[in-house]
Amino acid sequence: MLLPEGVVIDGRTGSVTPSTDRYEKRLSDLRGFFRDDAALDRAIEAGGDPIAYEVFDFRHADSDLAFGTTIMMPGKVGVEFYLTRGHFHLRKECGEAYYTQSGEGLLLLESRAGETRTVEMKPGVCAFIPPDWGHRSINTGKDKLVFVWFCATDAGHDYGAIKDRGMRKLVVERDGKPALVDNPNFA
Ligand SMILES: [Fe+2]
């Protein structure tokens, strides 16, 4: 039987204690997700294939609710800010919430019909992700971006759609600021 417990989340580092799982994605794991493959090769070479983001889970199969943190490093590949792969949920009725703890970024969302929306990610903002919207987070700041997510345990991840054709918009640095631009590689 699962018992109640208090899980300690550090909003600055993103650590989750206790956590049930953890994974990390390095730049080389994100090949195909950035616009500029040559810039990605250069960034991997220059940085020793740095970690782009880490995820900590608190997840039990016998509970319908899971939560955890995502910790995104600051950086760019060419002019494009570090991003997560982005996904739709396999269970289309499942939404999610992203509660930003520290740093600054942009949550990029795309509906099945192709509508793009963004939600600013900064401390105090809890982003509501409606069911069946694809979502990707982007660290547009100079520090780590840390957010807590809450989601159905069995929502599932469909990374393929976004990997195969990309998202319609990219977030790049332009004149020292983040800018949303059309993705020239969108299939
Ligand atoms: Fe999600």
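None of the values given here were measured: they were computed from a predicted structure. Counting convention: from 1, in listed order, for ligands and their atoms alike.
- In terms of distance to the Fe ion (ligand 1), the nearest N, O or S atom of Glu96 is named OE1.
- Residue contact annotation: Cys94 places no N/O/S atom under 2.8 Å from the Fe ion (ligand 1).
- In this structure, Tyr159 and His87 have perpendicular ring planes: the angle between them is above 60°, well past the 30° mark.
- Contact annotation: His89 places an N, O or S atom under 2.8 Å from the Fe ion (ligand 1).
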Open item on the list: If you apply the rule salt bridge (Lys or Arg N to Asp or Glu O under 4.0 Å), what do you find for Asp154 with Arg91, and how did you get there?
Closed with: CA-CA 8 Å; Asp154 62 352; Arg91 281 184 54 201; 2.3 Å; yes
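- Looking at Asp49 and Ser28, their side chains do bring a donor and an acceptor atom within 3.5 Å of each other.
- The Fe ion (ligand 1) sits nearest to atom NE2 when only the N, O or S atoms of His135 are considered.
- Considering Tyr98, Phe147, Phe56 as possible partners of Thr70, the one that fulfils the side-chain contact (heavy atoms from CB on, under 4.5 Å) test is Phe147.
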